[in-house]
There are 2 protein chains.
Amino acid sequence: MPKTPAPLYEQIRQLIVAALAAGEWRPGDMLPSEAALAQRFGASPGTVRRALDELTAENLVERRQGSGTFVSTHSAPRQQFRFLRLVADDGEQGFTRELLGCRRMRATAAIAHALGLRAAEPVIEVRRLLHRRGRPVVLDELWLPERHFEGLSADVLAQHPGTLYALFETRFGVHMVRAEEKLRAVAAAPEVAALLRVGEGEPLLCVERLAYTYGDRPVEFRRGFYYTSSDHYSNELN
Amino acid sequence: MPKTPAPLYEQIRQLIVAALAAGEWRPGDMLPSEAALAQRFGASPGTVRRALDELTAENLVERRQGSGTFVSTHSAPRQQFRFLRLVADDGEQGFTRELLGCRRMRATAAIAHALGLRAAEPVIEVRRLLHRRGRPVVLDELWLPERHFEGLSADVLAQHPGTLYALFETRFGVHMVRAEEKLRAVAAAPEVAALLRVGEGEPLLCVERLAYTYGDRPVEFRRGFYYTSSDHYSNELN
DNA sequence: CAGTGGTCTAGACCACCAT
DNA sequence: TGGTGGTCTAGACCACTGC
């Protein structure tokens, strides 16, 4: 236990996160004004503002002077490539998506462990390609706990025009908040090489991602193979 | 030009950065107290605090309740691996360093461009290996503008026990503030493979880094080859 | 023009650290 | 015990947005 109780602004931050998790405000919605929140939580406006500043830094909300504070949404254009760091060497970021498959399966040990599931719990597997300039550059395989994504199918995926995370948000109420990635260089296995149209054994960037929703609950495990001959993974350190 | 002048806290932030760049306070030094800074800049303590909060978020300073605000330093244990994201799969982070060479040369076009130098300006090249558990896992090659690192030599490098960035800071007054990295998977070239003791053509993670000092001036260009069989590059997205 | 967030101030009180 | 940063409050005024 902490010696001191968490500061008020942190308690308020957590209450707001809980409300977001409960769906009180959906992605894209406007939150009550600072004054209204201050009243609701019985704190001064400055303290509420501090809580909102933290949430802004975490990318959970977005503030627009003159209009209000809004719940972040992956449907916004700005969030399009929030978690996809592969950019073309000339700076281009766009991709076209090609769905390879979507099926129900039982979690492998590795997947269950990553997602915090019991062994062999049902998950949904999605496989797809991302193309740039007509060339496949990313092979993505991802696994989702079925209980959070009931009804996800190839049809649903095919009909949705936007990003996966935008779909998850609007259709399943699962908003991705942050992610951890592990990167490695690997040799292309035969099946992967064929899909990416590269030689077998060609070096690929293997990106494993664990994505979390509100309250730090992992809800997606993903493995991507990036072909980096004229693209690179871009990162900022500070 | 901005329609509105920058807010006061931002102006103060910039003044403090300028003072850091000028060496008024060196890494590890304590800054004047909030009250003293408020007096110096003719602002209220709250405004100075806001400026210091920004600098804290950028990792330029570090605040310790009860003792003061200090200039960040790469000599601190916490900063040991601030820019090195390669961790062993079991979480270990330590390395041992082996110097391969240090020489003066003229900047290639690529290096000059990255560092903002004129063509063929003199730079210092450093090459080294990082070992983990007795095995080489990183081959680093880096280039520094000679005018900022006059006197850097194999001897100087050999005698310094800590990280390169700690050395740059204490010996040359160059503090690294942030960096941009570009990652790719590549096949090991013969010379690289020999040094890392892997097969030729083995997939390696190629990490290009441009590191900046105060005022966003690039002062180091680096290329690393990471062997990622039981290590991975770890990244956080939000 | 009303409502929103953004800036800036002033000050009280607390927690922590060094001595 | 004195000095430091950390929290919280209260309120004034400004800038921007949308109706």
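The chains referred to below are lettered A, B, ... by the order of the sequence lines, with proteins before strands, and numbering in each begins at 1.
Side-chain rings of A:His148 and A:Phe172 stay apart, their centers remaining 6.0 Å or farther from each other.
The pair B:Arg82-B:Glu62 does not count as a salt bridge, with every side-chain nitrogen at least 4.0 angstrom from each carboxylate oxygen. In this structure, A:Arg133 pairs ionically with A:Asp90, as a charged nitrogen and a carboxylate oxygen lie closer than 4.0 Å. Classification of A:Asp140 and A:Arg209 as a salt-bridged pair fails, no side-chain N sitting under 4.0 Å from a carboxylate O.
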Enumerate all atom pairs, one protein N or O and one N or O from nucleotides 8-10 of chain C, separated by less than 3.5 Å.
| residue | atom | partner | partner atom | Å |
| --- | --- | --- | --- | --- |
| C:dC8 | OP1 | B:Leu8 | N | 2.6 |
| C:dC8 | OP2 | B:Leu8 | N | 3.0 |
| C:dC8 | OP2 | B:Tyr9 | N | 3.2 |
| C:dT9 | OP2 | B:Ser44 | N | 2.9 |
| C:dT9 | OP2 | B:Ser44 | OG | 3.1 |
| C:dT9 | OP2 | B:Thr47 | OG1 | 2.3 |

What protein N or O atoms touch nucleotides 3-5 of chain D N or O atoms at under 3.5 angstrom, if any, and at what distances?
| residue | atom | partner | partner atom | Å |
| --- | --- | --- | --- | --- |
| D:dG3 | N2 | B:Gly66 | O | 2.7 |
| D:dT4 | O2 | B:Gly66 | N | 3.3 |
| D:dG5 | OP1 | B:Thr69 | OG1 | 3.1 |
| D:dG5 | OP2 | B:Glu34 | N | 3.1 |

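B:Val126 is listed as a side-chain neighbour of B:Cys102, based on a closest heavy-atom distance under 4.5 Å. The closest side-chain heavy-atom distance from A:Asp231 to A:Tyr226 is not below 4.5 Å.
One interatomic measurement links the two molecules: CD of A:Glu62 to P of C:dG6, which rounds to 11 Å at whole-angstrom precision. Regarding B:Asp53, its CG atom lies at a distance of 8 Å from the P atom of D:dG6, rounded to whole Å. Between the CZ atom of B:Phe70 and the P atom of C:dC17 there is a distance of 12 Å, given to the nearest Å.
Residues meeting the salt bridge (charged side-chain N to carboxylate O under 4.0 Å, His left out) test with A:Arg97, sequence neighbours left out: none.
A ring-ring contact (aromatic ring centres under 6.0 Å, His included) with A:Tyr165 is found for one member of A:His175, A:His160, A:His74 and no other, namely A:His74.
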